[in-house]
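Here is the structure we will look at, set down as structure tokens.
Keep in mind that the numbers below use all heavy atoms, side chains included, and drop hydrogens, waters and symmetry copies. Model, not experiment: these values are computed from the prediction.
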Amino acid sequence: MSGIRRVEGGIVTGRFTDHHVHLQLVDHALLAGSRLGRVIDLGGNPEWVASVARHNSGDPRASRPVSVEPGSDTHDSPELWPVTIEYAGAFLTAPGGYPSDRSWAPAGSVREIADARAAASAVAELAALGASCIKVVAHSEAGPVLDDDSFRAVVASAKSRGLPVVAHAEGSGQAQRAARLGADRLAHAPFTERLTEDEIAEQAASVEWISTLAIHDDAHRAIAIDNVRRFADAGGTVLYGTDMGNGPTPVDLNLRELDALREAGFDGTRLLRALAPQDDDPHPLFLPDGDPAAAHPLTHLEA
């Protein structure tokens, strides 16, 4: 792997990537002191997240996160320059679909898509706001889902702009449907059903999975870990992600997620690949004995 240097007693590498976070649901200022060098926000008010990302980059046009509704807090965001923030913007879902009815969803974080034309328009607007990917929801256990034409329109519009499509696929057959309709990545490793070996092979050949194993109850966690183990063994790409903000998750490296990935057979180089360390990171980490769970900022003596 590039960006990894072996030294006496361990490994030096860049800070890690969390491929699934929700910054409006956590104290995002804590990122600055974490072991994360890059996060990807997969659902939030697009103007708010864009403002935080610009502020983090040092853009003088963004001195504070935008207010998401009248009377909401407009305090200055602490400096977050050490962490790269990428984002999808709003969840794209069917009218009445998940998470439009969830109290935790911030104002402006859900865009309900009535048809293919609305899908293309939404993607264009999110791209103009700086989205690096597009998040589409296919959660059949919580309400209506986008029809095939609307889903394909999201994919076509996103791909015409070079943006990958990340799908929240939950419910019987939804992971396979998302892959068939052109999604590039699943926001959660499938956890509602055990995929067949043929389905695993199809998934490994067409989409990436974001882990998010530690958010589940025991039964769904076991299903997800089994799917991930077989998916990785079939050559599929698994990316470390925690769904940060879904319950009491740390704004840092999540050790419970690392433990779950190890249960799925990830260790050594395979685990580091999932964590996607940043190349040429000016704030590198030292991993004693190569263990990401023990990672801490590199000191002069360890270099």
Side-chain angles (χ1 to χ4, degrees), residues 1-21 26 30-40 42 80-86 185-189 191 200 203-204 207-216 221-222 224-244 246 248-303:
M1 281 182 66
S2 64
I4 291 179
R5 179 163 55 93
R6 297 189 180 278
V7 297
E8 184 177 355
I11 290 174
V12 175
T13 187
R15 289 167 299 159
F16 306 126
T17 300
D18 191 328
H19 296 84
H20 189 155
V21 308
V26 299
L30 297 175
L31 286 173
S34 77
R35 289 164 286 184
L36 300 174
R38 173 174 168 249
V39 297
I40 304 176
L42 290 184
L80 291 174
W81 63 265
V83 181
T84 298
I85 297 172
E86 300 176 15
R185 187 176 291 175
L186 299 188
H188 304 277
F191 61 93
I200 287 286
Q203 291 273 323
V207 295
E208 300 173 335
W209 290 1
I210 302 173
S211 57
T212 70
L213 302 172
I215 62 170
H216 304 306
R221 184 178 184 275
I225 286 174
D226 174 66
N227 282 334
V228 164
R229 181 184 296 109
R230 293 181 296 123
F231 176 79
D233 288 345
T237 297
V238 177
L239 304 169
Y240 168 88
T242 64
D243 203 5
M244 183 191 294
N246 181 348
T249 53
V251 186
D252 196 353
L253 190 66
N254 188 322
L255 302 188
R256 292 180 62 241
E257 190 68 30
L258 294 184
D259 288 344
L261 281 165
R262 286 194 172 100
E263 285 187 49
F266 282 69
D267 219 332
T269 299
R270 181 185 266 189
L271 182 58
L272 284 174
R273 283 201 182 101
L275 286 162
Q278 300 302 284
D279 290 332
D280 302 319
D281 189 349
H283 305 279
L285 299 172
F286 177 68
L287 283 57
D289 298 322
D291 181 7
H296 59 261
L298 180 69
T299 68
H300 174 71
L301 292 177
E302 291 164 336

Should H20 and I40 be marked as a side-chain contact (heavy atoms from CB on, under 4.5 Å) after you check the CA-CA gap, both sets of side-chain angles, and the distance that decides it?
CA-CA 6 Å; H20 189 155; I40 304 176; over 6 Å; no

Would you sort out whether R229 and E263 count as a salt bridge (charged side-chain N to carboxylate O under 4.0 Å, His left out), showing the intermediate values?
CA-CA 8 Å; R229 181 184 296 109; E263 285 187 49; over 6 Å; no

Intermediate values then yes/no, side-chain contact (heavy atoms from CB on, under 4.5 Å), F16 and L285:
CA-CA 9 Å; F16 306 126; L285 299 172; 3.6 Å; yes

Go through the steps to decide whether T17 and L275 satisfy the test side-chain contact (heavy atoms from CB on, under 4.5 Å), and finish with yes or no.
CA-CA 6 Å; T17 300; L275 286 162; over 6 Å; no

How far apart are the C-alpha atoms of V251 and M244, what are their side-chain angles, what is the distance that settles it, and do they pass the side-chain contact (heavy atoms from CB on, under 4.5 Å) test?
CA-CA 7 Å; V251 186; M244 183 191 294; 4.0 Å; yes

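Contact of the V238 side chain with the E208 side chain is not registered, since no non-hydrogen atoms from C-beta on lie closer than 4.5 Å. A 4.5 Å side-chain heavy-atom check between R270 and L261 finds every atom pair outside the cut-off. Two residues are said to be in side-chain contact when any heavy atoms from C-beta on lie closer than 4.5 Å; V207 and R185 fail this criterion. Proximity of V228 to L213: side-chain heavy atoms (C-beta onward) are separated by under 4.5 Å at one or more points. Looking at heavy atoms from C-beta onward, Y240 lies in side-chain contact with L253 at the 4.5 angstrom threshold. Using a 4.5 Å cut-off on side-chain heavy atoms (C-beta onward), L36 and L31 make contact. Looking only at side-chain heavy atoms (C-beta outward), F286 and V7 come within less than 4.5 Å of each other. Proximity of V12 to L287: side-chain heavy atoms (C-beta onward) are nowhere separated by under 4.5 Å.
A salt bridge does not link R38 to D281: none of the charged nitrogens lies less than 4.0 Å from a carboxylate oxygen. With respect to the salt-bridge test (charged N to carboxylate O, under 4.0 angstrom), the residues R262 and D291 qualify.
Heavy atoms only, all atoms of each residue included: S211 and E257 are closest at OG-OE2, 2.8 Å. Shortest non-hydrogen contact noted between A204 and A234 is CB-O, 3.8 Å. The nearest pair of heavy atoms linking A224 to A189 is CB-O, 4.4 Å. Smallest separation of non-hydrogen atoms from R5 and L298: NH2-CD2, 4.4 Å. Taking both residues in full, the closest heavy atoms of D243 and H188 are given as OD2-CE1, 3.3 Å, listed atom of the first, atom of the second, then distance. Here the closest non-hydrogen pair linking D252 and R35 is OD1-N, 2.9 Å.
In this structure, W209 and F231 have parallel ring planes: the angle between them is below the 30° cut-off, well short of the 60° mark.
In terms of the ring pair (Phe, Tyr, Trp, His ring centres under 6.0 Å) criterion, H19 has no residue partners (sequence neighbours excluded).
One N or O on the side chain of D18 and one on the backbone of T242 form a donor-acceptor pair closer than 3.5 Å. Put simply, the side chain of Q278 gets close to the backbone of A276: a donor and an acceptor are under 3.5 Å apart.
How far CG of N254 is from OG1 of T249: 7.0 Å, rounded to the nearest 0.5 Å.
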